[in-house]
Amino acid sequence: MSTLTETAEKIRNMEIRGAGRIARAAALALKEEASSIQADSLEEFNRKIHDAYRMLYLTRPTAVSLPNALRIVMRYRAESVEDARKQIIANADEFISGSESAVKKIGEIGARRIKDGYTVMTHCNSSAAASILTTAFRQGKHINVIATETRPRMQGLITVDIMQKAGIPTTLILDSAVRYFMKKVDMVVVGADAITVNGNLINKIGTSQLSLAAHEARVPFMVAAETYKFSPRTLLGELVEIEERDPVEVLSEEKRKQWPSLKVRNPAFDITPHRYIDLICTEAGAIPPEMAFWVITQKLGWEIEEPED
Ligand code: RUB
């Protein structure tokens, strides 16, 4: 199996998961594909690299970091195959290192909002959110983290592992226990799969429930998101597609056979309205959700035109 098909498969089956990781892995796969494509003409090269782009693009529909990363890597204007190769490799390298330093920068910016003694609730597993928590802890702040399990794929356990390895006191809770514990929480910090032009957040299923409980309890709700998590297509009026995964993740085939008429639904993400979000920490600064338009047009430099698929 080539690196390209292997990466595409790993993104599809969630061996590679989390919006930032997916973006970096896809950029790397495109870079490796560009390095190894055999082509007699620039047209042939363009066709082959576009096929690779499409294969990666179609792996998972919700995390906008994936198409954003792919389009950034594909921004080349070349006169020859070698020239195209070089530009794609340089674009991918720049994207990957920029993405890694963005996560670090978000950690530094977000940590300023975490005070000594805070209890912070988080959901699923986000590298950007984890970066804020570990940075705050490294700065000597005595924080406690409450991590939700995140059914059905239990990504909360990845968060627990990161927190425990960092030495941060951590409590694991059921997803359904969020409201029960919210009164003990000083801040909620979550990651992002996509942010729409009107500042709504798309993140792991259950995030919107956290935001409601936080809103009710007057607990600030902070999002950690690199600027490539903002969705240019929403500027064109499109909605972000919510991935619905196999029901087997929720209930085994065996159990489902017992109740043949039972419907099982498994949306992987949900939408948190911008009015429940206090702050979005990006590498370009901590901004209110209302600034999403600025990020898309000024920071991502997207023009109001139909981006090519
Ligand atoms: C992961 C998820 C994460 C975001 C942000 O969902 O919802 O909160 O992707 O993560 P899944 P990061 O496990 O289905 O990919 O900050 O690491 O990009």
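The structure presented is a predicted model; accordingly, all values stated were derived computationally and were not measured. Counting convention: from 1, in listed order, for ligands and their atoms alike.
No side-chain donor-acceptor contact under 3.5 Å links R12 and T59. Between the side chains of D270 and S208, at least one donor-acceptor pair of N or O atoms lies under 3.5 Å.
For T234, there are no side chain to side chain donor-acceptor pair (under 3.5 Å) partners at least two apart in sequence or on another chain.
In this structure, K204 forms a cation-pi arrangement with F269, its terminal cationic atom sitting closer than 6.0 Å to the ring centre and no more than 45° off the ring axis.
The side chain to side chain donor-acceptor pair (under 3.5 Å) contacts involving residues 171-189 comprise R179-E216, where partners must be two or more places apart or lie in separate chains.
Counting Ile, Leu, Val, Met, Phe, Trp and Tyr side chains that sit under 4.5 Å apart, directly or through other members, L212 shares a hydrophobic cluster with Y276.
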Just list the N/O pairs, ligand 1 to protein, that are under 3.5 Å apart, with the distance for each.
unit_1, atom_1, unit_2, atom_2, d
ligand 1, 7 (O), D193, OD1, 2.8
ligand 1, 7 (O), N203, OD1, 3.1
ligand 1, 7 (O), K204, N, 3.3
ligand 1, 8 (O), N203, OD1, 2.7
ligand 1, 9 (O), A19, N, 2.8
ligand 1, 9 (O), D193, OD1, 3.0
ligand 1, 9 (O), D193, OD2, 3.2
ligand 1, 13 (O), R17, NE, 2.5
ligand 1, 13 (O), R17, NH2, 3.2
ligand 1, 13 (O), Q155, NE2, 2.8
ligand 1, 14 (O), R60, NH1, 3.4
ligand 1, 14 (O), R60, NH2, 2.9
ligand 1, 14 (O), K204, NZ, 2.7
ligand 1, 15 (O), G18, N, 2.9
ligand 1, 15 (O), R60, NH1, 3.0
ligand 1, 16 (O), S126, OG, 2.7
ligand 1, 16 (O), S127, N, 3.2
ligand 1, 16 (O), A128, N, 3.2
ligand 1, 17 (O), S127, N, 2.7
ligand 1, 17 (O), S127, OG, 3.1
ligand 1, 18 (O), A19, N, 3.4
ligand 1, 18 (O), G20, N, 2.7
ligand 1, 18 (O), K229, NZ, 2.9

